[in-house]
Number of protein chains: 2
Amino acid sequence: MKTEAAQSRRRRAPEATRLALVEATIDLVRTAGVHATTVDRICATAGVTKGAFFHYFPSKEDVLEAAILHWCQGRVELYGRDLGDTADDPLVRLERMLDGLAASVRVPGEKTACLLGMVAQELAGSNNRVRTLCERMLEGWTDFVAGLLAEAKRRHPPAVDFDPRDVAWMLNSLWQGSLLAAKTRRDPELVAANLEHARAYLSGFFDKRSPP
Amino acid sequence: MKTEAAQSRRRRAPEATRLALVEATIDLVRTAGVHATTVDRICATAGVTKGAFFHYFPSKEDVLEAAILHWCQGRVELYGRDLGDTADDPLVRLERMLDGLAASVRVPGEKTACLLGMVAQELAGSNNRVRTLCERMLEGWTDFVAGLLAEAKRRHPPAVDFDPRDVAWMLNSLWQGSLLAAKTRRDPELVAANLEHARAYLSGFFDKRSPP
DNA sequence: CCCCCAGCATACCATTTGGTACGTATGAAA
DNA sequence: TTTCATACGTACCAAATGGTATGCTGGGGG
């Protein structure tokens, strides 16, 4: 961890310090959950003191929200690259997305956990502010996938009809549940196996070869 | 909450007191998570004092484990009833299971949360004892479903081959993820919709009508 | 009838936690 | 060169938390 904010202690680098705190939060929450991630530990991981922490964030809840935003933005960028050109066939882009997701849990040092899932599971029942934010983020991702599915329907009239948003939510749910199960079993390959089922299910809709 | 253990304060009812503590733990953890569920709150909900708590459980982790065991036993009994006779067609029993799961989130006062999922999400990365217990419980459920699927394969040779355990893990993952998403969106119907996709996927395997 | 131990209740404790008060260093502007 | 707001660091605090020590109490065995 210990970003450059640690070394350049008294050197002014506000953005770097803030980012270090946000990334430390992401890292800690993903491994231990929200409540087990204390402000002190965030500071220690980021290499700054409490004074710095509360200079940037009025409360612990505020770093959490910043962390969620930063995390989701990062994921959008990551998967966005994987998907390739927007002009490509939506079905191909969908395939690339599944490949990208499977690949993301196979990265050696990477934890098998989604920040959004961790936070939502822990706080959805008790903190409505955070719950709403998680809902918005989940919805964003689902909308994107639903868009791909809708475009795929238009370009490749499916053999069986389906509701894009409905299917997108199913994929999102399966993804979250897969991470949960994989982490519990300590077997990232479970995610890949589940994504293969998702792929098979999707291909069931479009199974007659369609014109380019 | 407040079970009869509250009223019969000085009345000796060891089993009732223990059960009250376990059920209070289940209830609280399902809504707020593990770390947010304090020993004090468990005691208050169960209507007993800390002295009683530590008389039955050496530590907080021990109630948690007892809660997990009790919860899983309760679920096995609940769904066991829904499935009907063991001699029935496994495919029919599978359908009943999906119906039972969908129904379980529609119960009016019921929370949209699985104790196992909550605990696993929060502790799998930090507490190996509890993680292992959760893994065993998840595996138990998966084995059961895999057994049904294997029996279904035997009785109704499927059009497309599949690995029962693999599919069972997928269903388990989808279930957990659906609860997570439904809780975040505050929409239990999402679970039902996702289970319909599961049903459709399964029927894809057995889609040619087979003899009774 | 008395004793004694399981089954609680009460009071307390050390540590941790989120948060505050306030001091100090830095660099850019005047 | 002085000024001054920003960007931190240090020292502290009240509350919460998991856990302990110890005392009381009722009912079943002797």
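The structure displayed is predicted, hence computed values, not measured ones. Order of the sequence lines sets the chain letters (A, B, ...), proteins ahead of strands, with each chain counted from 1.
- For A:Glu151 (side chain) and A:Pro90 (main-chain N/O), no donor-acceptor pair under 3.5 Å exists by modelled atom type.
- Looking at every heavy atom in both residues, B:Asp82 comes nearest to B:Arg96 through O-CD, 3.3 Å.
- Contacts with DNA chain C (heavy atom under 4.0 Å) in residues 53-68 of chain B: B:His55, B:Tyr56, listed by number.
- Put simply, B:Thr38 has no side-chain N or O that comes within less than 4.0 Å of OP1 or OP2 on D:dA16.
- Using a 4.0 Å cut-off between charged nitrogen and carboxylate oxygen, A:Arg165 and A:Asp143 count as a salt-bridge pair.
- Using a 4.0 Å heavy-atom criterion, one finds that A:Arg41 contacts the sugar-phosphate atoms exclusively.
- Summarising the geometry, the separation between NZ on B:Lys50 and P on D:dT22 is reported as 17 Å, rounded to the nearest angstrom.
- Salt-bridge annotation for A:Glu77 and A:Arg81: absent, with no side-chain N of the basic residue lying under 4.0 Å from a carboxylate O of the acidic one.
- Atom OG of A:Ser126 and atom CG of B:Leu28 lie 11.5 Å apart (nearest 0.5 Å).
- Look at CZ on B:Arg18: it is 16 Å from C1' on C:dC8, rounded to the nearest Å.
- Phosphate contact (OP1/OP2 of C:dG7, side-chain N/O of B:Thr17, threshold under 4.0 Å): absent.
- One can place CG of A:Asp40 at 14 Å from C1' of D:dG9, the figure rounded to the nearest angstrom.
- Sorted by first then second residue, the salt bridge (charged side-chain N to carboxylate O under 4.0 Å, His left out) pairs that include residues 49-75 of chain A, not counting sequence neighbours, are A:Asp40-A:Lys50, A:Glu61-A:Arg129, A:Glu65-A:Arg129.
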